[in-house]
2 protein chains.
Amino acid sequence: MSTQEPPGTQERLVRSTQELLWERGYVGTSPKAILERAGVGQGSMYHHFSGKSALALAAIRRTAEELKQASEECLDAPGTAYDRVAAYLLRERQVLRGCPVGRMTQDRDVVQSAELRRPLDEMFDWLRERITEVLTEGQRRGELAAALDPAATAATVAAVVQGGYVLARAADDTAPFDAAVQGVLALLAAQVPAVG
Amino acid sequence: MSTQEPPGTQERLVRSTQELLWERGYVGTSPKAILERAGVGQGSMYHHFSGKSALALAAIRRTAEELKQASEECLDAPGTAYDRVAAYLLRERQVLRGCPVGRMTQDRDVVQSAELRRPLDEMFDWLRERITEVLTEGQRRGELAAALDPAATAATVAAVVQGGYVLARAADDTAPFDAAVQGVLALLAAQVPAVG
DNA sequence: GTCTATAACAAGATAGAC
DNA sequence: GTCTATCTTGTTATAGAC
């Protein structure tokens, strides 16, 4: 397992598609560009996949799964609920590139296809649910005010990250992302009962 | 002023482009689609505008200006700082269509063009600045805790809206948007000093 | 499995008539 | 100012050789 064989043709196609979907979106990504980046001919692509949308589906599923695992590493860490949510909010990101999953929600062809949208839906649904669990657990332990609504707050946390990307890309500067994260962290810190 | 003459060719072109950019983004919008929606021939478009990007620039500027005015109506209203920010967060939106300005930040060709990105930058910069002013004013009046960081909180508020759109479109459901808004409103309400 | 050739159509812009 | 060709290039897919 995980012996480092060089990736096969199919694998290279999926990885190239992941990169291009992140950079250019679904509409902006042509099969030709995928083939050039993967270094394979057109015949190979249509042998392994029925077309652009099938390849995009494989790539989107992969990207969503990778993002889920990276997020779970932060949210599953030891520490208080605040610490774990802070770890998620502060995890290393390529902010100006935007979110590889969130980006897809702005693509008409993706959102209008039930199949292509499903991985996005599942990923964000899982994320909100997982943050809700962490916050609920924090309340049980007395780390967070009982008045806090875990589900609503979880949606806020997820939205701050996705919206932070938008503000940062508009400004061509990561500062608005960092400010938005600091803002929600400060609001959340105020929900932590004072010690003693 | 504002006598209801039917819109001229140039005006129809700009409005059609605004609609299409919102629906399909820059890459997904073809001159042909614009012409068909505006009901004019190709010659008219290239007479009034040098090409697709010039027309997009006019449309983006218009959309940003319209959104700025709609936001200002909420933030300029009478009431406490909390009320005014709440009015902005709760203002009527076509959530599943996404933000017509924020949407553009996911378009490679837009973000990479200094000219096309500028209206987005100015709009969001103004928005954060304006919310910062409202929050600062609230602090001066004793309506909000002095410990609150107005600029960071303003970025959070703007990000929640933009991120809410992303979550809602992923879910094909406005619920995550509403939850994110309710979450940040509750966190903000906790910053309002108790009366008496 | 992988390649090149080719087809059918759309994008984006230009030319020139009216 | 507006219209209809026309041009060049790119997109997406298929065909058939190797």
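What you are looking at is a predicted structure, and each value in this text was computed from that prediction instead of being measured. Computed from heavy atoms alone, side chains included, the values below leave out hydrogens, waters and symmetry copies. Just so we're on the same page: letters track the sequence lines, and every chain starts at 1.
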If I take atom [atom1] in residue [X] and atom [atom2] in nucleotide [N], what distance separates them, rounded to the nearest angstrom?
X	N	atom1	atom2	answer
B:F49	D:dG1	CZ	C1'	14 Å
B:K32	C:dA13	NZ	C1'	15 Å
A:L13	D:dT12	CG	P	15 Å
A:I34	D:dA13	CD1	C1'	13 Å
B:Y46	D:dC7	OH	C1'	13 Å
B:L35	D:dG1	CG	C1'	14 Å
A:E36	D:dG10	CD	C1'	11 Å

Please tell me which of the listed nucleotides, [options], lies nearest to the side chain of [X]?
X	options	result
A:K52	C:dG12, D:dA13, D:dG1	D:dA13
A:S44	D:dT14, C:dT2, C:dG12	C:dT2
A:V40	C:dC3, D:dC3, C:dT14	C:dC3
B:H48	D:dT11, D:dG1, C:dA13	D:dG1
A:Q42	C:dT2, D:dT2, C:dT4	C:dT4

Checking A:D172 against A:R169 for the salt bridge (charged side-chain N to carboxylate O under 4.0 Å, His left out) test, could you report, in this order, the C-alpha distance in whole Å, the side-chain angles of both residues, the deciding distance, and whether it holds? CA-CA 5 Å; A:D172 192 26; A:R169 282 176 63 91; over 6 Å; no
Q.
C:dG1, OP1 or OP2 - any side-chain N/O from A:T9 closer than 4.0 Å?
A.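 Answer no for this pair, as no side-chain N or O of A:T9 is under 4.0 Å from OP1 or OP2.
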Side chains of [X] and [Y]: does their closest heavy-atom pair fall under 4.5 Å?
X	Y	result
A:L127	A:L75	yes
A:L35	A:L13	yes
A:R108	A:Y26	no

Between A:G43 and A:Y26, which residue's closest nucleotide on DNA chain D lies nearer the 5′ terminus?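 Counting from the 5' end, the first nearest nucleotide belongs to A:Y26.
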Subject >> B:H47 vs A:P31, nearer the 5' end of DNA chain D by closest nucleotide >> reply: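 This one resolves to B:H47.
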With clusters defined by side-chain heavy atoms of hydrophobic residues (ILVMFWY) lying less than 4.5 Å apart, directly or transitively, does A:L89 cluster with A:L167?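 Yes, A:L167 connects to A:L89 through the hydrophobic network.
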Practice problem: Could you check whether B:T29 gets within reach of a base, just the sugar-phosphate, or nothing at all, counting any heavy atom under 4.0 Å? | Solution: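 Result for B:T29 = sugar-phosphate.
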